[in-house]
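One structure below.
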Amino acid sequence: MNTTVSCELHLRLVVSSESSLPVPAGLRYDTADPYAVHATFHTGAEETVEWVFARDLLAEGLHRPTGTGDVRVWPSRSHGQSVVCIALSSPEGEALLEAPARALESFMKRTDAAVPPGTEHRHFDLDQELSHILAES
């Protein structure tokens with residue numbers, strides 16, 4: 001049986017050192033995909049942007065800078081509050097988001113309760129995933 005952990009967050013899109021915009025976001029973790037956290041960023045009235053992060057990347061980013069390339073995550077402070085910075089890069093552009101550290105940490109603890117770190121392989125059906133991939137080709 002699969003378990004889903006979800007969380008709604010209010011992120012800040014950093015526009016400049018003096019300006020940011022609110023970005024509502026939803027995070028979802030499903031034990032059927034135990035290595036990943038799926039994020040939905042609400043960028044407009046009906047528009048969303050989807051990203052998938054390695055769960056380990058977000059967990060490590062709570063405590064120290066991590067990631068290379070398209071996704072980098074690090075702890076920081078903004079306006080006296082603990083935040084987690086998430087820098088995203090794609091062919092369409094770049095974005096720097098600030099997530100409230102406490103809310104992200106709470107979400108990550110709930111994912112750890114669903115699938116303790118280091119036990120993801122017990123929830124991952126490699127044969128099923130390979131069958132799915134081969135069926136698409």
Side-chain angles (χ1 to χ4, degrees):
M1 176 189 230
N2 294 336
T3 300
T4 300
V5 176
S6 60
C7 167
E8 296 296 321
L9 295 172
H10 295 283
L11 308 179
R12 303 292 306 169
L13 173 64
V14 178
V15 179
S16 71
S17 59
E18 297 86 31
S19 178
S20 64
L21 299 170
V23 177
L27 300 179
R28 185 178 51 80
Y29 177 76
D30 190 328
T31 58
D33 189 5
Y35 294 100
V37 171
H38 297 259
T40 303
F41 302 106
H42 301 278
T43 58
E46 299 288 326
E47 300 166 13
T48 61
V49 175
E50 307 282 333
W51 278 77
V52 179
F53 302 100
R55 178 172 75 149
D56 289 348
L57 179 77
L58 291 178
E60 188 173 333
L62 287 169
H63 307 289
R64 67 186 119 325
T66 188
T68 58
D70 294 347
V71 181
R72 293 176 293 120
V73 183
W74 65 94
S76 189
R77 294 195 60 78
S78 178
H79 304 290
Q81 301 292 318
S82 293
V83 297
V84 176
C85 294
I86 303 170
L88 305 174
S89 177
S90 76
E92 289 78 33
E94 297 181 353
L96 175 58
L97 299 160
E98 293 178 345
R102 186 172 289 150
L104 184 57
E105 185 172 12
S106 174
F107 171 76
M108 296 307 296
K109 283 181 181 177
R110 291 188 295 131
T111 73
D112 290 352
V115 176
T119 67
E120 293 89 353
H121 65 282
R122 295 182 192 154
H123 298 268
F124 189 75
D125 187 343
L126 182 59
D127 291 332
Q128 179 182 349
E129 291 300 318
L130 285 173
S131 295
H132 180 73
I133 291 168
L134 294 174
E136 291 179 355
S137 28

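The structure presented is a predicted model; accordingly, all values stated were derived computationally and were not measured. We use all heavy atoms of the structure for the numbers below, so side chains are in, but hydrogens, waters and symmetry mates are not.
Pairing each heavy atom of P75 with each of P65, the nearest pair is CD-N, 4.0 Å. Heavy-atom minimum distance, A101 versus L62: O-CD2, 4.2 Å. E98 approaches C85 most closely through the heavy-atom pair CG-SG, 4.2 Å. Heavy atoms only, all atoms of each residue included: C7 and F107 are closest at CB-CD1, 3.4 Å. Of all heavy-atom pairs between V84 and G61, the closest is CG1-O, 3.9 Å. Scanning both residues, S16 and V14, for their nearest heavy atoms gives O-CG1, 3.5 Å.
Side chains of R72 and T66: no donor on one and acceptor on the other come within 3.5 Å.
No chain of hydrophobic side-chain contacts below 4.5 Å, direct or via other Ile, Leu, Val, Met, Phe, Trp or Tyr residues, connects L88 to L96. Hydrophobic clustering (ILVMFWY, side-chain heavy atoms < 4.5 Å, transitive): L9 and W74 are in distinct clusters.
The side-chain heavy atoms of P24 and F41, taken from C-beta on, include no pair separated by under 4.5 Å. Contact check for L104 versus L27: side-chain heavy atoms found under the 4.5 Å cut-off. With a 4.5 Å cut-off on side-chain heavy atoms, S82 and E105 do not count as touching. In this structure, V73 and F53 have side chains that are not in contact, with every pair of non-hydrogen atoms separated by 4.5 Å or more. In this structure the side chain of V71 never reaches within 4.5 angstrom of the side chain of S89, judged on heavy atoms. Side-chain contact between R12 and V83 is absent, with no heavy atoms from C-beta onward closer than 4.5 Å. Using a 4.5 Å heavy-atom threshold, the side chains of I86 and W51 count as separate.
Few gaps surround CZ on R110; more than 12 heavy atoms of other groups in view lie less than 6.0 Å from it.
When the options D30, D33, T4 are evaluated for a side-chain hydrogen bond (donor to acceptor under 3.5 Å, both in side chains) with H38, the one that passes is D33.
Panel note: side chain R55, backbone T111; a donor-acceptor pair is recorded below 3.5 Å. For Y29 (side chain) and A36 (main-chain N/O), no donor-acceptor pair under 3.5 Å exists by modelled atom type.
In this structure, R28 CZ and E50 CD are separated by 8.5 Å, a value rounded to the nearest 0.5 Å.
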